[in-house]
Amino acid sequence: MATAPTYCTHRQLKDVFPQVDSFDNKRALYGWKEVTTNKYAAHNSGLTTQLFADGEDLGAAQSAHTDLNVEGEWFYNSAEDITYYYSASNPNDKLMESGEEFSALITRITDNASRYLDAKLDPNLPKEQFKDKEGNYDYIIVRTTALLAATFLIRSHDPTSEIATALMEDAQSNIESLNQGGAALSWQTTGDSSKGVIREVSVDPSSNLRPVELRGHYHGSGYELIKVIVDSADDTIIGTATFSVYAKNSTTLKTDQIVTSETINGDFQQILGNLAIRWGTDNTATGLVKEDDEYEIELWGSSLDTTISSVGSIRMSRR
């Protein structure tokens, strides 16, 4: 059976809210009384879905308190609100706790936060978020889910917590940005998606001649992911360094060579239709590349419908 996705892990939740481990929901059970030999009862224990003795998970409950005859077995009678426990040693001398195993609690809370986020996002966005090409959810989705999960955890202990209020305000701000188009997700196309995005794939740390700018638009159909790779020797510079470009074919991406060993000249150089790339460095005399430095350019066709229709402008001035 298919299950709805959870947008953040325990590790990601802890990255956003490092104090998460202090919000374990276990609670101590006191006042155990021996009712028969080795069988103890804690009256008015409250709902007990899991029982722990000195931190040890005692496993699933038995079907009735009359079944208890092995060390560590337990049963919760919901009609009488009594937790029964079988032990040769007095449980009053142990740390007896009722609650939920912490990893199971985190799984439930992050799942609840994911469903809450789905419900709060604009209906024009998909009901469940898509992953990027690397198989990860966008960080704003991860972070917002973690903020919501942390809020839920804290409020389960302190409903009026100011920390929880601040975290929820942060999450609501992210949700508002997503709903109003102020934040774009990786799968969304905007009015300028055909201009492309340059990303590093495998680049030597000592390289300082790099592709820095794109000009023009991709007028092809659908989605394109092209490879730009340096194919000259190590430590070549503007005027001697060369690059090649590979585009998609009918079956896969980054395969067909469309530019072959073109010399990098520091100006805009055509790579795909009217799309051009410019390489730059802080010093044209010493800026160098390494052989096999690789970049990719992600593009969406200019004819595709946009999922975020508005593209804003920024006013710039020279001081």
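The first residue of the sequence shown is numbered 1, and numbering continues consecutively from there. Heavy-atom basis, side chains included; hydrogens, waters and symmetry copies ignored.
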Quiz item: Going through the checks in order, is the side chain to side chain contact (heavy atoms under 4.5 Å, CB included) test met by Phe17 and Gln12?
Solution: CA-CA 9 Å; Phe17 186 62; Gln12 291 166 332; over 6 Å; no
Quiz item: So Leu47 and Thr49, side chain to side chain contact (heavy atoms under 4.5 Å, CB included) or not? Walk me through it.
Solution: CA-CA 6 Å; Leu47 175 64; Thr49 56; 3.9 Å; yes
Quiz prompt | Any donor-acceptor pair under 3.5 Å from Asn265 side chain to Asp267 backbone | solution = yes
Quiz item: For residues Tyr76 and Asp81, is any side-chain donor paired with an opposing acceptor at under 3.5 Å?
Solution: yes
Quiz item: Does the Ser202 side chain pair with the main chain of Glu294, one donor and one acceptor, at a distance under 3.5 Å?
Solution: no
Exercise. Measure across Glu101 and Phe52 and return the closest heavy-atom pair with its distance rounded to 0.1 Å.
Key: N-CZ, 3.7 Å
Quiz item: Is there a donor-acceptor pair closer than 3.5 Å between any side-chain N or O of Ser244 and the backbone N or O of Ser261?
Solution: yes
Exercise. Of all the heavy-atom pairs spanning Val20 and Phe102, show the shortest one and how long it is.
Key: O-CZ, 3.6 Å
Quiz item: Are Thr6 and Thr107 close enough that some pair of their side-chain heavy atoms sits under 4.5 Å apart?
Solution: no
Exercise. Answer whether the closest heavy-atom distance between the side chains of Leu13 and Ile109 falls below 4.5 Å.
Key: no
Quiz item: Quick one: OG1 on Thr236 to CD on Glu291, what's the gap to the nearest 0.5 Å?
Solution: 8.5 Å
Practice problem: Would you confirm whether Asp293, through its side chain, and Asp204, through its main-chain N or O, come within 3.5 Å as a donor-acceptor pair? | Solution: yes
Self-check item: Within-4.5 Å side-chain heavy-atom neighbours: Asn208 and Thr286
Solution: no
Quiz prompt | Minimal non-hydrogen separation, Ile198 against Val212, with atom names | solution = CD1-C, 4.4 Å
Quiz item: In Å and rounded to the nearest 0.5 Å, what is the CG to CZ distance from Asp67 to Phe75?
Solution: 8.5 Å
Quiz item: Hey, does the side chain of Thr255 reach the backbone of Leu253 with a donor-acceptor pair shorter than 3.5 angstrom?
Solution: yes
Self-check item: Cluster link Val230 to Ile238, ILVMFWY, side chain under 4.5 Å
Solution: yes
Quiz item: If you measure from CD1 on Ile237 to CG on Leu209, what distance do you get to the nearest 0.5 Å?
Solution: 9.0 Å
Quiz item: Between Glu80 (side chain) and His43 (backbone), is there a donor-acceptor pair under 3.5 Å?
Solution: no
Practice problem: Run the numbers on Ile297 and Leu272 for side chain to side chain contact (heavy atoms under 4.5 Å, CB included), then give the verdict. | Solution: CA-CA 11 Å; Ile297 301 174; Leu272 181 63; over 6 Å; no
Quiz item: What closest approach, in Å, do Lys26 and Glu100 show between heavy atoms, and which atom pair accounts for it?
Solution: NZ-O, 3.7 Å
Quiz prompt | Thr83 OG1 to His65 NE2 distance, which is reported to the nearest 0.5 Å | solution = 12.5 Å
Quiz item: Ring centres of Phe243 and Tyr295 under 6.0 Å apart?
Solution: no
Practice problem: May I ask whether Ile258 and Leu214 are part of the same hydrophobic cluster, defined by side-chain heavy atoms of I, L, V, M, F, W, Y residues being less than 4.5 angstrom apart, directly or through others? | Solution: yes
Exercise. Compare every heavy atom of Gln50 with every heavy atom of Gly59, then report the nearest pair and how far apart it is.
Key: O-NE2, 2.6 Å
Quiz item: With distance as the sole test, does Asp256 use its side chain to make a donor-acceptor pair with the main-chain N or O of Tyr246 at under 3.5 Å?
Solution: no
Quiz item: Do the side chains of Asn179 and Leu121 get nearer than 4.5 Å, heavy atoms only?
Solution: yes
Quiz item: Distance-only, no hydrogens or angles: does the Glu224 side chain make a donor-acceptor pair with backbone N or O of Lys248 under 3.5 Å?
Solution: yes
Self-check item: Heavy-atom check, side chain of His10 versus side chain of Asp21, under 4.5 Å
Solution: yes
Exercise. State, yes or no, whether a side-chain contact exists between Tyr116 and Thr151 at a heavy-atom distance under 4.5 Å.
Key: no
Self-check item: Pairwise side-chain contact, Tyr86 with Asn38, heavy-atom cut-off 4.5 Å (strictly under)
Solution: yes
Quiz item: Would you say Thr48 and Trp74 make side-chain contact, with heavy atoms under 4.5 Å?
Solution: yes
Quiz item: Is any side-chain N of the basic residue among Asp118 and Arg115 closer than 4.0 Å to the acidic one's carboxylate O?
Solution: yes
Self-check item: Between Asn90 and Asn92: side-chain donor-acceptor atoms closer than 3.5 Å
Solution: yes
Quiz item: Are any of the side-chain nitrogens in Arg143 or Asp170 under 4.0 Å away from the carboxylate oxygens of its partner?
Solution: yes
Quiz item: Should we say atom CD1 of Ile163 is surrounded by more than 12 heavy atoms from elsewhere, each under 6.0 Å from it?
Solution: no
Self-check item: Connected via hydrophobic side-chain network under 4.5 Å: Ile141 and Val16
Solution: yes
Practice problem: Treat each ILVMFWY residue as a node, draw an edge where side-chain heavy atoms are under 4.5 Å apart, and state whether Val289 and Ile229 are in one component. | Solution: no
Quiz prompt | Exercise: do Glu73 and Tyr84 side chains pair donor with acceptor under 3.5 Å | solution = no
Self-check item: Distance-minimising heavy-atom pair for Leu29 and Ser45
Solution: CD2-O, 3.7 Å
Quiz prompt | From Asp158 atom CG to Leu153 atom CG, the distance as rounded to the nearest 0.5 Å | solution = 13.0 Å
Quiz item: Is atom NZ of Lys120 surrounded by more than 12 heavy atoms (other residues, nucleotides or ligands) closer than 6.0 Å?
Solution: no
Quiz prompt | Linked, directly or transitively: Leu68 and Met96 (ILVMFWY side chains, under 4.5 Å) | solution = no
Quiz item: Donor-acceptor pair, Glu71 side chain versus Ala88 backbone, under 3.5 Å?
Solution: yes
Quiz item: Distance-only, no hydrogens or angles: does the Asp282 side chain make a donor-acceptor pair with backbone N or O of Gly287 under 3.5 Å?
Solution: no
Quiz item: What do the steps show when you test Lys94 against Tyr85 for side chain to side chain contact (heavy atoms under 4.5 Å, CB included), and what is the final call?
Solution: CA-CA 12 Å; Lys94 303 178 182 181; Tyr85 173 56; 2.9 Å; yes
Quiz item: Thinking salt bridges, do Lys290 and Asp235 make one under a 4.0 Å N-O criterion?
Solution: yes
Quiz prompt | Separation between OG1 of Thr144 and CG of Asn174, rounded to the nearest 0.5 Å | solution = 3.5 Å
